[in-house]
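Indexing begins at 1, ligand by ligand and atom by atom, following the structure's order. In what follows, every heavy atom counts, from backbone to side chain, and hydrogens, waters and symmetry copies are set aside.
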Amino acid sequence: MTISRVVAIDGPAGSGKSTIAKILADRLKWSFLDTGAMYRAVTALALREGIDPLDTAAVAVLAAKSQIETIPSVLINGVDVTVEIRQPEVNHAVSIIAANPQVRAAMVERQREWSQRQPAGTVVEGRDIGTVVFPDAVLKVYLTASPEERARRRGDESAASIQRRDDIDSSRDHSPLRADESAVLIDTTNKEIETVIEEIVACLNLR
Ligand code: DC
């Protein structure tokens, strides 16, 4: 079995995770995984099938049966939901579905399997990557930014919607959003992307 090296990048919505993780993965020639897109894909499928996000048992069955790909497009059971997963309905329901422990167990298992299959290392971004999914990650990074900056970056999602999502994500019983004690904390407010990348690469070089 290949032992893949993992950089875990966690943080709230709009903290810069996706942008930073993608560029970093490119720079390292490692694979990149957006785990939020997986929870969003399950949410899009539940909404398509008329399943109530609060119906934990039905959503769990759906998640367990679903085939998800995130690159180059987000596909669930072969259906392209790349655009759909960024719509307000999904923004609204995704935190409820991501709080479902059975959905989380199914996603975490896939994330670990995926990482094992990658030829080089992986850069994985989400909310519980350093704390739960890859506790042995070679480097854990926790990104933050001011609420104003995060709302500005999310553009079409309102500050209130982002705040609601962060509140649910941080207060849920299972794998809440939090920085692992060994994570490097980086505040990306008013910071150039390249500066953040350099900070992370410098930390990685010390490992
Ligand atoms: O990163 P994002 O905004 O695309 O994430 C969508 C939602 O999924 C977010 O509300 C939190 C949840 N999520 C999670 O609970 N665990 C992850 N590893 C990734 C995302």
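Contact atoms of ligand 1 toward R154: 3 (O) (distance under 4.0 Å to a heavy atom of the residue). Ligand 1 places these atoms under 4.0 Å from at least one heavy atom of V94: 7 (C), 8 (O), 10 (O). Counting atoms of ligand 1 from 1 in the listed order, those under 4.0 Å from a heavy atom of R86 are 4 (O).
Summarising the geometry, atom OG1 belonging to T35 is positioned 6.5 Å from atom CG belonging to D128; distances are rounded to the nearest 0.5 Å.
Regarding atom 20 (C) of ligand 1, its nearest protein heavy-atom neighbour is G36 CA, 3.5 Å. Atom 19 (C) of ligand 1 has as its closest protein heavy atom T35 OG1, 3.3 Å. In this structure, the protein non-hydrogen atom closest to atom 12 (C) of ligand 1 is A98 CB, 3.7 Å. Scanning all protein heavy atoms for the shortest distance to atom 11 (C) of ligand 1 gives D169 OD2, 3.1 Å. Protein heavy atom closest to atom 13 (N) of ligand 1, with residue, atom name and distance, is R127 CG, 3.6 Å. Considering only non-hydrogen protein atoms, atom 16 (N) of ligand 1 sits nearest to R104 NH2, 3.0 Å.
Between the side chain of K140 and the main chain of S182, no donor-acceptor pair closer than 3.5 Å is present. Although no hydrogens or angles enter the test, the distance criterion places a donor-acceptor pair under 3.5 Å between the side chain of T43 and the main chain of Y39. Side-chain N or O atoms of D10 include none that pairs as donor or acceptor with a backbone N or O of Y142 at under 3.5 Å.
A heavy-atom separation below 4.0 Å is not found between E157 and ligand 1. For the ligand labelled ligand 1, residue S95 lies inside the 4.0 Å heavy-atom shell. Using a 4.0 Å heavy-atom cutoff, R164 is absent from the residues neighbouring ligand 1. For M107, the heavy-atom gap to ligand 1 stays at 4.0 angstrom or more.
For the side chain to side chain donor-acceptor pair (under 3.5 Å) with R150, the lone residue among T189, D166, T144 that qualifies is D166. Of the residues D187, L185, T19, T188, the one that meets the side chain to side chain contact (heavy atoms under 4.5 Å, CB included) test with L143 is T188. Here the rule is salt bridge (Lys or Arg N to Asp or Glu O under 4.0 Å) with D34, and of R86, R127, R40 only R86 fits it.
Side chain to side chain, N100 and T56 fail the donor-acceptor criterion of an N or O pair below 3.5 Å.
At a heavy-atom cutoff of 4.0 Å, ligand 1 is contacted by the side chain of R40 but not by its backbone. If you look at R172 next to ligand 1, the close heavy atoms, those under 4.0 Å, all belong to the side chain. Contacts between H174 and ligand 1 below 4.0 angstrom, taking non-hydrogen atoms only, are absent altogether.
The heavy-atom pair separating P176 from S170 by the smallest distance is CB-O, 3.4 Å.
Hydrophobic clustering of Ile, Leu, Val, Met, Phe, Trp and Tyr side chains at less than 4.5 Å, counting indirect connections, unites V124 with V42.
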